[in-house]
Protein chains: 2
Amino acid sequence: MARTRTNPLALAVLALLWERPMHPYEMSMTLRERRKDESVRLNFGSLYSVVDSLVKHGLIEAASTEREGNRPQRTIYRITDAGATEAVDWMSDLVRTPVKEFPQFEAALSFLPLLPPDDVARLLRLRRATLDRDITVLATTVDAATAQGLPAIFAIEAAYELAMLRAELAFVDGLAAAIADGTLGGVDMWRTFHARSTDGRIDPDELAAAIAPYLEGG
Amino acid sequence: MARTRTNPLALAVLALLWERPMHPYEMSMTLRERRKDESVRLNFGSLYSVVDSLVKHGLIEAASTEREGNRPQRTIYRITDAGATEAVDWMSDLVRTPVKEFPQFEAALSFLPLLPPDDVARLLRLRRATLDRDITVLATTVDAATAQGLPAIFAIEAAYELAMLRAELAFVDGLAAAIADGTLGGVDMWRTFHARSTDGRIDPDELAAAIAPYLEGG
DNA sequence: CGCGATATATTCGGTGCCGAACATTCGAGA
DNA sequence: TCTCGAATGTTCGGCACCGAATATATCGCG
């Protein structure tokens with residue numbers, strides 16, 4: 001069941017229709033108002049295809065097709081019993097079981113030796129500055145919401161994002177420093193590769209020799 | 001240029017061909033040997049379509065079409081100058097600029113009030129246990145590689161993942177405790193919703209009233 | 001009272017992604 | 001030497017995704 005439908009936007013639709021019947025456009029506006037579009041990737045095309053898919057699997061159904069004033073015709077959907085069950089099951093799965101994600105920054109770190117170490121240190125400091133600003137903005141937003149009386153449980157996803165951003169900031173800080181002061185293992189070797197090359201391309205053979213121990217270790 | 005091609009697997013291909021020409025199957029095996037498939041989503045179908053796309057954009061090119069022994073015919077690719085430039089540009093972008101990702105756990109946190117608080121606390125403790133095991137396994141792997149002589153820079157992506165996992169563990173720990181002991185803002189209200197409902201479905205009107213302050217603050 | 005800007009609401013075409021199927025060869029053992 | 005499983009490689013069909021286009025109504029403003 002949940003194997004094929006992996007888009008969390010479908011979970012958002014189920015959660016919204018749990019509260020009350022809506023048409024797709026209202027869903028998107030509600031998600032925006034509540035800032036859920038910060039946590040769930042939202043765009044129009046995906047929303048309509050996700051809604052179709054949920055209908056096809058009997059998790060939601062068309063409640064009515066209305067025309068308010070002379071606005072374009074629109075279809076209002078409601079959640080089914082199967083949909084309510086699926087929402088709870090899916091939520092429980094997501095909370096209980098960590099799923100491996102593939103953040104782009106991790107991919108970049110995988111191939112970091114491709115860039116010269118001093119360039120990397122510089123780029124990391126730029127990243128650090130951006131993260132710092134992002135954290136300040138997010139923390140300010142959360143504080144404002146709290147001050148307005150929003151209970152923490154209704155903005156817990158922001159607290160999570162803040163925690164992750166801070167952890168990344170600390171990592172980036174540490175890495176930049178370790179590269180700069182040479183305490184990171186292998187940074188001397190890394191620098192040598194790039195120092196020798198005039199065209200910006202490192203020597204493949206030297207690289208291969210460097211990673212050999214790891215390959216042996218399997 | 002980089003707007004349309006977002007799959008980090010393409011970056012992995014460029015990084016591999018930077019070292020030496022390869023055919024697609026060898027790329028996939030090399031990525032596995034070096035554990036890069038932990039950092040970059042790798043599957044056969046995507047690999048071949050990504051290679052085609054890179055060829056189409058002139059970032060790599062077919063070096064030869066060989067037949068070794070009586071094995072199936074295979075095409076060996078090499079990186080072009082444009083590809084080498086693109087690899088450096090792309091890497092620099094990824095290192096310098098944080099991109100907003102949408103982890104599934106964050107999506108689930110967005111809709112957490114849908115589940116009863118005591119269930120959530122229990123699920124979070126299960127998640128905590130899994131994270132703890134994952135961290136132990138990863139830390140052991142990293143230590144083993146280091147002991148075998150692999151410089152830290154060649155496994156820096158694992159250090160990043162470890163840092164993120166530990167941060168998530170701390171967050172999950174704190175959240176579970178705050179729900180259990182009632183110190184999380186709004187947990188009493190949250191519990192009331194679910195206590196009143198017999199069918200497992202919370203009252204939409206009460207929920208709407210609860211989040212009203214946030215919407216005002218919009 | 002006419003015009004552009006904004007809000008409402010959905011459709012559509014292209015593309016990237018992915019799992020599974022396909023095709024072949026090699027090695028080990030009965 | 002027959003067979004079966006593992007390794008070597010690639011292709012394919014379907015579907016999810018996404019951004020841009022489409023279409024209409026309302027509103028503010030001169």
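So that the names make sense, note that chain A is the first sequence line, chain B the second, and so on, each numbered from 1.
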Query raised in the report: What nucleotide among dC17(C), dT10(C), dC17(D) has an atom nearest to a side-chain atom of S46(B)?
Result: dC17(C)
Query - Salt bridge flag under 4.0 Å for residues E168(A) and R127(A) - result: yes
Query raised in the report: Closest to the H23(A) side chain: dA9(C), dT8(C), dG9(D)?
Result: dA9(C)
Requested in this report: Grab the CG-P distance between L42(A) and dT10(C) for me, whole Å please.
Outcome: 14 Å
Report task. Specify the separation, in whole Å, of atom OH of Y25(B) and atom P of dT11(D). Result -> 15 Å
Query raised in the report: Out of dC17(C), dC18(C), dT11(D), which nucleotide sits closest to the side chain of F44(B)?
Result: dT11(D)
Query - Gap between atoms CE and P, on M29(B) and dG9(D) respectively (whole Å) - result: 10 Å
Query raised in the report: Choosing from dC18(D), dA9(C), dC17(C), which nucleotide comes nearest the side chain of N7(B)?
Result: dC17(C)
Report task. To the nearest Å, give me how far apart CZ (R41(A)) and C1' (dA16(D)) are. Result -> 13 Å
Report task. Return the 5'-most residue of the pair G45(B), K56(B) with respect to DNA chain C, ranking by each residue's nearest nucleotide. Result -> K56(B)
Report summary line: Against the side chain of V50(B), the closest entry in dT10(C), dC17(D), dC17(C) is dC17(C)
Report task. Answer yes if the side chains of E61(B) and T80(B) hold a donor-acceptor pair under 3.5 Å, and no otherwise. Result -> no
**Report entry** Test salt bridge (charged side-chain N to carboxylate O under 4.0 Å, His left out) applied to R41(B) - qualifying residues, sequence neighbours left out
**Finding:** none
Query raised in the report: To the nearest Å, how far apart are D52(B) CG and dC17(C) P?
Result: 12 Å
Query raised in the report: Could you give the CG-to-P distance, from N43(A) to dA16(D), as a whole number of Å?
Result: 15 Å
**Report entry** L47(A) CG to dC12(C) P, straight-line distance once rounded to whole Å
**Finding:** 16 Å
Requested in this report: Using a strict cut-off of less than 4.0 Å between a Lys/Arg side-chain nitrogen and an Asp/Glu carboxylate oxygen, indicate whether E26(B) and R20(B) qualify as a salt bridge.
Outcome: yes
Query raised in the report: With sequence neighbours left out, what residues match D132(A) under salt bridge (charged side-chain N to carboxylate O under 4.0 Å, His left out)?
Result: R128(A)
Report summary line: From CG of L54(A) across to C1' of dC17(D) the rounded distance in Å is 15 Å
Report summary line: Comparing nearest nucleotides in DNA chain D, the 5'-proximal residue of the pair S49(A), Y48(B) is Y48(B)
